[in-house]
Amino acid sequence: MLRVACCVTSPFPVQSPASQTAPTDPMKERLITLIESALDTLIADGTLPADAKRPVQIDRTKDKSHGDFATNIALMLAKPAGMKPRDLAEKVIAALPQDSAIAKTEIAGPGFINFFQASDWLNSLLDQALADKHLSVARPEQPQTVVVDYSSPNLAKEMHVGHLRSSIIGDAVVRTLEFLGHNVVRQNHVGDWGTQFGMLLAYLDEQKHEESAAELSSELSDLEGFYRAAKQRFDESEEFATRARGLVVKLQAHDPDCLKLWGEFNSISLSHCQAVYDRLGVSLTADDVRGESAYNDDLSQVVADLDAKGLLSEDQGAQCVFMDEYKNKEGDPLPVIVQKADGGYLYATTDLAALRYRANTLGADRMLYFVDQRQALHFQQMFSLSKLAGFVPESTELSHMGFGTMNGPDGRPFKTRDGGTVKLIDLLNEAEERAYALVKEKNPQLDEEELRTIARAVGIGAVKYADLSKNRSSDYIFNFDQMLSFEGNTAPYLLYAYTRVASIFRKAELDMTQVSGEFLLQEDAEQALAARLVQFGEVLQSVAEKGLPNLLCLYLYELAGLFSSFYEHCPILNSEDEALKQSRLKLAALTARTLKQGMELLGLTPLERM
RNA sequence: GCGCCUGUAGCUCAACCGGAUAGAGCAACGGCCUUCUAAGCCGUCGGUUGCAGGUUCGAGUCCUGCCAGGCGUGCCA
């Protein structure tokens with residue numbers, strides 16, 4: 001694997017322009033403005049010292065009895081003001097300008113100020129979202145160009161479960177960034193170069209003398225088997241291994257025969273990858289492929305430029321850059337080796353070239369790398385060095401969105417019974433088969449074609465959601481049964497919630513856009529659902545900033561749960577009051593659209609029935 | 001040795017910049033289908049947040065020291 005698996009805390013923090021221009025929740029912004037105004041008043045009348053001002057923190061409350069929003073500002077300023085927190089809170093409230101969005105304020109606990117939002121205000125937010133194709137999700141004031149490096153399989157091998165996380169999580173973040181209005185450039189940095197390739201070409205060359213072209217072609221279609229055979233030769237024969245290493249150098253020297261062999265691998269292997277992407281619903285295409293080899297011509301220049309900057313030094317025959325921040329086990333400076341003693345270039349050299357390309361040619365404001373956590377040190381070094389060398393502007397945000405290792409139920413790295421890697425395609429087949437059996441059992445009356453369509457959405461969705469719903473940074477326990485249980489916090493739960501809404505509109509013979517009237521939110525279930533609906537944009541913003549799709553999963557799961565509760569407790573079509581019926585239809589319609597949009601951003605396929 | 005990550009209910013995971021009574025799902029147990037899809041809803045049970053200190057009005061969250069596991073640490077990617 002090349003760049004298989006979260007979020008690492010870099011010792012060299014990079015600025016996040018995203019967070020500076022981020023549109024937050026409109027209600028929070030409004031409250032912050034009001035509170036700041038109140039603080040100014042208190043400073044002016046001498047209640048607070050002039051230097052007491054600090055960022056106002058507004059949180060959504062967890063408990064409804066605490067209202068909708070809360071601020072701890074009185075607790076923060078109690079000491080500088082020399083007042084008891086609750087007394088200060090009282091002053092703050094008294095100094096708050098009138099605002100129609102707020103129905104009530106209260107002091108609670110040690111000195112929190114709780115805000116209860118006015119129902120008119122909430123209703124107007126809901127109506128705005130309903131009237132907007134973009135669901136009232138704010139667009140950035142200044143869209144960024146975000147280059148996202150994800151999936152990036154090794155073309156020398158078949159894709160396996162280790163590639164799931166990067167591909168799926170990366171794709172969800174990419175979709176979210178695009179929806180928000182950023183300019184996203186996908187980069188599939190496939191491994192089409194390097195030592196492993198030398199081994200394969202050496203083996204291919206060997207086989208050419210022993211097999212017909214037809215046999216060879218057939219053998220190549222099973223890349224996995226081909227790779228194993230080559231690896232075996234490599235491990236067993238020193239002579240073969242030497243030849244393999246030599247071929248890497250020949251490749252780098254653009255030897256025509258080598259290049260021809262190499263081209264055969266690429267086209268076959270890429271077609272396998274594309275089939276998996278299509279099946280998985282990952283939005284990558286051939287246009288997004290820019291493999292390691294694409295930077296070959298620039299590698300010598302990278303080294304020369306490092307030299308020109310005075311960063312390069314030779315050590316034991318290799319061309320290295322030493323940075324003070326990085327030490328080895330003896331406490332001596334740790335090098336980044338950019339050219340081996342034999343003249344060959346390395347992974348690091350390629351990544352530096354890629355960083356420069358992405359900054360200069362692609363014009364990246366931000367670069368995200370969805371790559372295995374184990375490569376954290378490598379990326380820290382690359383990020384530091386690329387800025388030190390001036391390959392990337394200081395202002396560019398560079399983030400390694402690392403993720404944990406894929407483990408089996410035993411907590412050990414995930415393998416098949418015989419110790420091999422699990423092919424992605426096998427996993428997807430299994431998921432669809434299980435889903436098919438379940439769908440058929442629940443809805444035997446559906447025709448075959450629809451059964452298959454549903455099984456695909458449910459099965460593939462379950463696999464993706466299992467991964468998306470977990471925090472990127474922790475190791476991942478891969479469990480077939482859990483992944484495909486289809487109960488609880490799973491993709492089918494979200495899909496099901498959506499079909500329930502769709503079913504209502506089907507039954508009523510209404511289009512989801514054919515809703516009117518005013519919101520009348522009386523029941524707890526209605527209010528809770530409504531309050532959650534207006535938080536969609538805020539959640540998407542977090543996903544885009546942090547690269548954590550599990551936040552969107554959590555939101556959608558809670559939204560679906562709140563809808564289910566509403567659905568059970570509040571009759572919609574059977575409502576006796578026509579105005580109430582219209583209000584509930586509107587709530588259902590907005591829920592449906594939010595769920596659908598959210599699922600699409602996760603790369604799930606919403607279904608009208610299941 | 002040094003560095004990074006992880007440790008929360010029996011299991012899998014949440015917990016927004018330090019905030020109020022640490023939440024879900026699975027499993028277990030008990031209710032709810034003549035009424036919009038029961039892949040659902042409602043409820044019960046389940047916790048010394050690895051351990052010990054510290055900072056704070058307030059700590060799962062921040063600091064220090066331990067313990068356990070994983071990963072990384074010069075010519076692989």
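Sequence lines set the chain letters: A, B, ... in the order given, protein chains first and strands last, and positions in each chain run from 1.
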A:F566 and A:I572, any side-chain heavy atoms less than 4.5 Å apart: yes
Less than 4.5 Å apart, side chain to side chain, heavy atoms only: is that true for A:H189 and A:T350? yes
Rounded to whole angstrom, note down the [atom1] distance from [N] over to [M].
N      : M      : atom1 : answer
B:rG31 : B:rC36 : P     : 23 Å
B:rG47 : B:rC5  : C1'   : 25 Å
B:rG60 : B:rG54 : P     : 15 Å
B:rG74 : B:rC16 : C1'   : 42 Å
B:rC45 : B:rC51 : P     : 24 Å
B:rA27 : B:rU64 : P     : 42 Å
B:rC62 : B:rG19 : C1'   : 14 Å

Rounded to the Å, how far apart are A:Q541 CD and B:rC17 P? 14 Å
With respect to the phosphate group of B:rC16, does any side-chain polar atom (N or O) of A:K62 fall under 4.0 Å of OP1 or OP2? no
5′-ward residue of the pair A:D475/A:F69 relative to RNA chain B: A:D475
Judged by nearest nucleotide, the residue sitting upstream toward the 5' end of RNA chain B, A:A70 or A:C320, is A:A70
Any N or O donor-acceptor pair under 3.5 Å from the base of B:rG74 to the side chain of A:D315? yes
For the base of B:rG19, is there a side-chain donor-acceptor partner from A:D59 under 3.5 Å away? no
The contact string for nucleotides 24-40 of chain B, one letter per nucleotide 5' to 3', using protein heavy atoms under 4.0 Å with B, S and - for base, sugar-phosphate only and none, comes out as SS---------SBBSBB
Scan every strand shown for a Watson-Crick or G-U wobble partner of [N], both distances under 3.5 Å, and answer none if you come up empty.
N      : answer
B:rU73 : B:rG1
B:rC62 : B:rG54
B:rG43 : B:rC29

Under 3.5 Å, is there a donor-acceptor pair linking the side chains of A:S469 and A:Y557? no
With sequence neighbours left out, the residues meeting ring-ring contact (aromatic ring centres under 6.0 Å, His included) with A:F240 are none
Looking at A:R584 and A:E576, does any basic side-chain N land under 4.0 Å from a carboxylate oxygen? no
